[in-house]
Each structure stands twice: as C-alpha cells, then as structure tokens.
Amino acid sequence: MDQMPDRNALAERYSQVRSTIPEGVTLVAVSKTRSVQEIQALYDLGHRDFGENYPQELRDKQPLLPTDIRWHFIGKLQRNKVKYIAPFVHLVHAVDSAELLVELEKRAAAEQRALNVLLQLHVAQESSKHGMDEQMLRQVLLEASKGAWPHIRIRGLMGMATLTDQETIIRSEFQRVAKLRAELLSEGLVDESTFTHLSMGMSSDVEIALGSGSTLVRIGTAIFGDRKPQATRD
Ligand SMILES: *Cc1c(COP(=O)(O)O)cnc(C)c1O
C-alpha cells in the first residue's frame, strides 16, 4: 500500500465516472488495497464515500484519514471482525445472516450508536457469492420489525450479479433485487422513508445496475485504476 497517486490521472478518471452517475445515486469509491495517499487524493477532489472490504485494513486506514469520510463496508463480514469497524462505519452493505445482526447489535449497543445496514440477497449463479434467500430475508425483516435489534437500521438491499458478459443474466439478477424491495414496501414489511437503498453495480456492470434502479454503486478500478493482484487475506 505504498503507491503514490497520479493526481491528474485520478482526477480524470473520477470526473469521467462521476459524469455517468445520475443525481441521487451515491458513488462509493472502492478503496480496498489503495494507499491512504490515494484515498486522500480522491478526498481532496471532494469525494467522501469510500468502500472497503477487509476489516483490519479499514481499521488501520481510518485513523489516518479525515473523520468526515463515510466508510462503507462492502465485503463479506465475519462476526469476529465486527469490532474493528463498529465504532465508525457508516453503512454495512452485505449482511447475510441473523447471526451477523446479533453481533452488529451487540457492538453498536456497546458503542452507543445506531448502525445502518443493507441485507444482501443472493442472486448470482456462483455459490461463492454470499447473501440470503428471500425467505430468510423476510424472516429477518419480520424479527427486526418486532424490535430484535434496536441499534440496527435496515436501510435496503444489496445484490451482486453473476460475473458474466451476458447482460441479460446480470439485468435479470439486479431486477430481482429491485422487485423484492418493491414487494417488501407494498406488503408494508418495510417503510419507504427508511428502506431507501439498493446497492448494486461495480465497474463492470454499473450501467445495467443503474438501469435497474440502483441507488448506491460501488466503483473501484474505474476510479483508481487496476488493482495489483492480492495475496490471500482475512
Ligand atoms: C472490489 C469490490 C467492488 C469494486 O469492484 P471494481 O471492479 O473495482 O469496481 C465492488 N463491490 C464489492 C463487494 C467489491 O468487493
């Protein structure tokens, strides 16, 4: 993580990406593996929403960067790592079990803060992608509505599409996520004023995600450039 940023190239890629994101959609700049200098350079261009998916990496970077950054945790979160990010995280995108919510509730209560989360719906063909099925997700929302996790605010859904070049597959997966949100609203299981978000889309499939109603896009390489291959971690 010692790369120094090429500020001109970064500014160019950033404004190109920005120009494709409609008003009202939050652009989360995915900064996993990027140095604090690279993150600071994008911050200096006015950006405030950053996404990470390794808890210890985020824990280590956060104190070195401005406190008004909104940190999004976008990856698979293991229960024993919640403690690293609970004090400051802005939104946890990929909650995939009730057990994880129990731990998030415990840590949020200890920090005396409310935690915003999204529930991840499993829509991709790969079993390596995480997420709940619809039945489990409804069960979690039902328990939440009965007050099971008072420090947790469930703000919407997240979905990751299959890694494929077949647009029709990606589109139908994103539309399943959007359709479920609409159903949950019309059934009154969630409230329109709080259940606002659909986190869908990364560099490779962002256009399709936006066309399917995404409100939060998670973009890494299109802003920061290609990532170096990573050793296995976490
Ligand atoms: C890395 C990552 C992204 C960003 O991917 P890019 O291809 O760099 O845009 C988005 N979402 C998640 C969950 C990621 O882990």
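Just so you know, ligand 1 is whichever comes first in the structure, and atom 1 is the first atom listed for that ligand. Because the structure is a prediction, the values reported are computed rather than measured. Counting from 1, the numbers follow the sequence of the chain as shown.
Of the protein's non-hydrogen atoms, the one nearest atom 11 (N) of ligand 1 is Arg218 NE, 2.9 Å. Scanning the protein heavy atoms around atom 5 (O) of ligand 1, the nearest turns out to be Met202 CE, 3.7 Å. When hydrogens are left out, the protein atom nearest atom 13 (C) of ligand 1 is Ile74 O, 3.5 Å; that is the closest non-hydrogen contact. Considering only non-hydrogen protein atoms, atom 9 (O) of ligand 1 sits nearest to Ser203 OG, 2.5 Å. Remark: minimum distance from atom 2 (C) of ligand 1 to any protein heavy atom is reached at Lys32 NZ, 2.6 Å.
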Verify side chain to side chain contact (heavy atoms under 4.5 Å, CB included) between Arg113 and Val89, making sure each step is shown before the conclusion. CA-CA 10 Å; Arg113 66 189 299 249; Val89 71; 4.2 Å; yes
Open item on the list: Pair Leu42, Leu10 - check side chain to side chain contact (heavy atoms under 4.5 Å, CB included), show working.
Closed with: CA-CA 7 Å; Leu42 190 61; Leu10 181 68; 4.2 Å; yes
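When only interatomic distances are considered, the shortest N/O to N/O separation between Gly220 and ligand 1 falls below 3.5 Å. Between Thr221 and ligand 1, an N or O atom pair is found at a separation short of 3.5 Å.
The side-chain contact (heavy atoms from CB on, under 4.5 Å) with Asp96 is formed by just one residue from the set Lys129, Lys76, Met136; it is Lys76. Test Trp71, Tyr84, Phe50 against Leu58 for side-chain contact (heavy atoms from CB on, under 4.5 Å) and you get one pass: Trp71.
Shown here is Ile21, whose CD1 atom has more than 12 heavy atoms of other residues, nucleotides or ligands within 6.0 Å.
If you number the atoms of ligand 1 from 1 as listed, the ones under 4.0 Å from a heavy atom of Asn53 come out as 15 (O). Close approach of ligand 1 to Ile219 is summarised as follows: ligand atoms under 4.0 Å from at least one heavy atom of the residue are 9 (O).
Residue contacts with ligand 1: Met160 is included, with a non-hydrogen atom under 4.0 Å away.
In this structure, the side chain of Thr215 does not engage the main chain of Val25 through any donor-acceptor pair within 3.5 Å.
Ion pairing of Glu183 with Arg138 is present here, as a side-chain N (NZ or NE/NH1/NH2) and a carboxylate O approach within less than 4.0 Å.
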